[in-house]
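For reference, the structure is listed below as structure tokens.
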Amino acid sequence: MKMRPLSLALLAGLVFPLSSCIQADNDNVLNSDGSGKFTIKATVDLGPMAGMLGGKGGEGGAGGGLEMGDPGKDMLLGILGKTKGVDVWKEAKSVKGADGKIKVSAVGYYKDINKFKAANPMDSMGGTMGGGAKAKSSGPEIGDVKSYKDASGKWIVEVPLSSDKAEDDKAPAPAPEKLSDQELQDKVTEMRTQFGAMKPMMSAMLGTMRITQTIKVGGEIQDYGMMTKVDANTAKLEISFAKIFDGMEKLMADDKIAAKMAAAGGAQADPMKLMKGSDPESKALAAKVTEAIFGGKGEPKLVIKPGAAGFDYKAESEAAKAGQTPELKKLLEEAAKKASESDDKDDAAAPTPKKKAA
């Protein structure tokens, strides 16, 4: 979806939208026919953002400045309204703790994971920050899960780390620049200086940011790729600023790797693009970067021997639909209305396509 762990410029751009320090856990129980059950849990601390902007930290907040409204409910409505491919929602709730942190959770079922698109919790926070603006976080998101069978009949589950739709993600990265020894050393110095200057600020504001994707499958996982093994049926992928910065720091300390990084684009280098290129050194560098950040080798892809279903989709989804409370139904109606209004605004703001000349 939109993950560029090596792009320091991108990380700098995350300071405002993600300065709330989000921790999100996405759990899926997946059957080989594509049906599944998901749980989304997010904890957000709006203290840093409210303090930075002199605002109120939500209900019961004090002080002047930016009115934060009800960010927990806005986030929940966004998750319910913007998540696509859901057959039925089982539960959804938002709670503000005594520590001021907001905890949002939702559970639902989908018939086809390839049509399931989980909403980014932070994309719905803009309405709480005055003016109804959207807070589009172009930051770390573990992508849409893809499920399919390969030519040998093995079940493959992938977690893409970059968007299939974003124009700048489609083209592979160019081959490394041809630089003189001095030019290369200057680029390495610039890259390290930029990283060193950025790290304290980013760590202070985003040091607790963490996003996980856990997948439990109805079958035996034979290859976990870069994902971490939980057990024979479960794998986990984690993105956190702590791991990103620690991994990047170790890579930059290696003169040979730092030189390759600088030649590949320095602060703008994107390992996902490097992997798509034809240059073998770029591919090797991308592998080192992703291994340093995620702790595993290979791709975020599981190879599975299908087995018994992880759960009874029909029985559980029907029970969830029958058990929906009036409060949940009302919340779903409100979320659908808000999503529709948001889509209408987006359509109205979109430029009119130019007609091709005859």
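The basis for the numbers below is simple: all heavy atoms, side chains too, and nothing from hydrogens, waters or symmetry mates.
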TODO: Apply the test side chain to side chain contact (heavy atoms under 4.5 Å, CB included) to residues K41 and D27: give CA-CA distance (whole Å), side-chain angles for both, the deciding distance (0.1 Å), then the verdict.
DONE: CA-CA 9 Å; K41 295 180 180 179; D27 298 328; 5.5 Å; no
Task: M227 side chain reached by L302 side chain, heavy atoms, under 4.5 Å - done: yes
TODO: Taking the side chain as every heavy atom from C-beta outward, state whether S32 and V217 have any atom pair closer than 4.5 Å.
DONE: no
TODO: Evaluate the criterion side chain to side chain contact (heavy atoms under 4.5 Å, CB included) for residue pair T39 and S105; output intermediate values, then yes/no.
DONE: CA-CA 7 Å; T39 301; S105 63; 5.6 Å; no
Open item on the list: Counting neighbours of NZ on K154 that are heavy atoms of other residues, nucleotides or ligands and sit closer than 6.0 Å, is the number greater than 12?
Closed with: no
Task: Criterion side chain to side chain donor-acceptor pair (under 3.5 Å) against Y109, the qualifying member of K314, K37, E316 - done: E316
Open item on the list: Could you check whether atom CD of Q222 has more than 12 heavy atoms from other residues, nucleotides or ligands sitting under 6.0 Å from it?
Closed with: yes
- [ ] Carefully, step by step, assess N26 and I211 under the rule side chain to side chain contact (heavy atoms under 4.5 Å, CB included).
- [x] CA-CA 8 Å; N26 305 279; I211 299 175; 4.0 Å; yes
Task: Student check: side-chain heavy atoms of K187 and M191 closer than 4.5 Å - done: no
Task: Co-membership, hydrophobic cluster, residues M252 and M198, 4.5 Å side-chain - done: yes
Open item on the list: In the structure I gave you, are the side-chain heavy atoms of F38 and V86 within less than 4.5 Å of one another anywhere?
Closed with: yes
Open item on the list: Would you say D186 and Q182 are linked by a side-chain donor-acceptor pair, where the criterion is simply a distance under 3.5 Å?
Closed with: yes
- [ ] Report the C-alpha separation of I102 and M75 in whole Å, then their side-chain angles, then the decisive distance to 0.1 Å, and conclude whether the side chain to side chain contact (heavy atoms under 4.5 Å, CB included) test is met.
- [x] CA-CA 10 Å; I102 298 166; M75 184 186 296; 5.5 Å; no
- [ ] Identify the residue among T83, N28, D87 that makes a side chain to side chain donor-acceptor pair (under 3.5 Å) with Y110.
- [x] N28
- [ ] Look at the side-chain heavy atoms of Ile, Leu, Val, Met, Phe, Trp and Tyr, link any pair under 4.5 Å apart, and say whether V29 and I215 land in one connected group.
- [x] no
Task: CD-OG1 distance between E91 and T325, expressed to the nearest 0.5 angstrom - done: 9.5 Å
